[in-house]
Amino acid sequence: MARYLITGGAGFIGSHLVEALVARGDEVVVLDSLATGRLANLDAVRGSPLLTFTQGSVLDELAVDQAVRNCDVVVHLAAAVGVKLIVEEPLYSLTTNIKGAITVLEAAHRYRRKAMVASSSEIYGKNSDVPLDEQSDRVLGSPAVARWAYSTSKAVDEILAYAYHRERDLPTIVVRLFNTVGPRQSPAYGMVIPRLVRQALAGEPLTVYGDGSQTRCFCHVADVVRALVSLLDEPQAEGDVFNIGSSEEISIADLARLIIKRTGSVSEIVYTPYDVAYETGFEDMARRVPDTTKVHALTGWVATAGLTEILDDVAQEVRDATALA
Ligand code: UDP
């Protein structure tokens, strides 16, 4: 049994990881500022003697120091999330991501703790090669564009993890998460599935940005958490980087049609230009398909949940919440 510190443990992915670790008997300390995380996300493990919750920011050096000192393994998930938030608050996003990672990794180094750092498929930028493997190039526009600045902040997090591993012999693991979806993902930060499913269930128009031909691969958070746990358990993952995602590719227009069908909705689809949805000069990725050969070769992991299962899970959560309201 180990004691894990999960930064961002009250967030969407974090709370699912907390549940998985507690379920197998590990102790978990959550450090979360509750800026975008929610205590309700931890309802299923509330009251467990294995869980300790601390409200605090990864920018608070003392809080991070204390939390890291009391744990064996650190999983750094706390970060600014969602394209919408990143575009609207670039300074907050950059500071949280870069300074947060520095603070967490410095503390991990101080106490010699293994650290997993969550990166993002955003680091590949506009590279639309299919599939993207861990060595694929980053293709970015101007740093004056908020999205590329965010992409760079996540790349800096990765570089820090690699540097601590190479120069300080710290066991670090970097995971590049592609589109991760499922229950508890908030619609507030722009993500497409929580938004479109709610729109469909409310009978409102589904807002597809651009012409809807852009594609994504959506991976169920339960699959992503299994990958994280497998990598945390695998000593050979240390010092390395792994893509995590599904390879089931769908255009956003087809996704909207599928959501309407699965939910039995009467909604229509409205197409909104990117500069209205986000900001003038906004650039989207045309495709983003992960090559997950590496994580599969090391741990045997594959994504198992298909898109219909994902959509049904999200729709069920929204229906349950509506019934309670
Ligand atoms: N998107 C959309 N309607 C929305 C929200 C997002 O069409 O209401 C599009 C967005 O422009 C992108 C895709 O859905 O092409 C996935 O967006 P998300 O923010 O979920 O993930 P990311 O852009 O980071 O892949």
Side-chain angles (χ1 to χ4, degrees), residues 11-13 36 79-90 93 97 118-128 130-132 138-141 145-155 176-182 184-202 204-221 224 243-260 265 267-290 307 310-311 314 318:
F12 160 54
I13 300 172
T36 52
V81 289
V83 174
K84 188 164 172 283
L85 183 66
I86 286 146
V87 168
E88 286 170 5
E89 295 188 57
S93 306
N97 291 353
S119 181
S120 163
S121 56
E122 286 279 324
I123 68 112
Y124 294 109
K126 291 185 270 190
N127 186 342
S128 290
V130 173
L132 293 162
R138 305 183 60 220
V139 181
L140 303 180
V145 173
R147 187 166 204 169
W148 310 136
Y150 168 77
S151 166
T152 300
S153 78
K154 294 307 284 186
R176 283 189 196 143
L177 306 185
F178 284 63
N179 294 72
T180 305
V181 291
R184 295 186 208 143
Q185 184 172 42
S186 169
Y189 311 108
M191 281 84 159
V192 67
I193 287 188
R195 282 173 54 82
L196 267 51
V197 168
R198 278 170 180 75
Q199 291 164 347
L201 290 173
E204 294 165 3
L206 273 63
T207 55
V208 170
Y209 299 160
D211 65 6
S213 64
Q214 71 273 28
T215 72
R216 293 292 186 273
C217 300
F218 296 97
C219 193
H220 197 296
V221 64
V224 170
N243 283 342
I244 298 176
S246 154
S247 50
E248 188 182 349
E249 188 181 13
I250 187 167
S251 75
I252 301 303
D254 283 346
L255 174 72
R257 285 188 276 269
L258 183 61
I259 289 173
I260 288 172
S265 171
S267 295
E268 290 171 23
I269 298 174
V270 290
Y271 291 85
T272 311
Y274 285 117
D275 51 3
V276 176
Y278 294 111
E279 60 177 1
T280 310
F282 180 85
E283 292 179 84
D284 202 5
M285 289 81 175
R287 296 178 79 180
R288 205 157 58 184
V289 181
L307 192 50
I310 289 170
L311 296 178
V314 174
V318 177

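Indexing begins at 1, ligand by ligand and atom by atom, following the structure's order.
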- Look at R147 together with E283 and state whether they make a salt bridge at an N to O cut-off of under 4.0 Å. no
For ligand 1, which atoms have a heavy atom of [X] less than 4.0 angstrom away?
X    : value
Y274 : 11 (O)
R195 : 4 (C), 5 (C), 8 (O)
N179 : 21 (O), 22 (P), 25 (O)
V208 : 7 (O)
L196 : 8 (O)
E122 : 24 (O)

Tell me: protein heavy atom nearest [atom], and distance?
atom                    : value
atom 12 (C) of ligand 1 : D284 OD2, 3.5 Å
atom 9 (C) of ligand 1  : Q214 NE2, 4.0 Å
atom 23 (O) of ligand 1 : R147 NH2, 3.1 Å
atom 20 (O) of ligand 1 : V192 N, 2.8 Å
atom 22 (P) of ligand 1 : R288 NH2, 3.3 Å

Pick one of side chain, backbone, both or neither for how [X] approaches ligand 1, counting any non-hydrogen atom pair under 4.0 Å.
X    : result
Y271 : neither
M285 : neither
T207 : both

- Query: Taking E122 as the fixed residue, which of R176, K154, R288 is the one that meets the salt bridge (charged side-chain N to carboxylate O under 4.0 Å, His left out) rule?
  - Reply: R288
- Message: Please give me the minimum heavy-atom distance between P194 and S186, naming the atom from each residue.
- Response: CG-O, 3.7 Å
- Item | Heteroatom distance test (Q199, ligand 1): nitrogen or oxygen, under 3.5 angstrom | no
- Query: Short N/O distance, under 3.5 Å, between M191 and ligand 1?
  - Reply: no
- Pick, from S121, A253, G190, G82, the option with the minimum heavy-atom distance to atom 5 (C) of ligand 1. G190
- Compute the ring centroids of F282 and Y209, then answer whether they are less than 6.0 Å apart. no
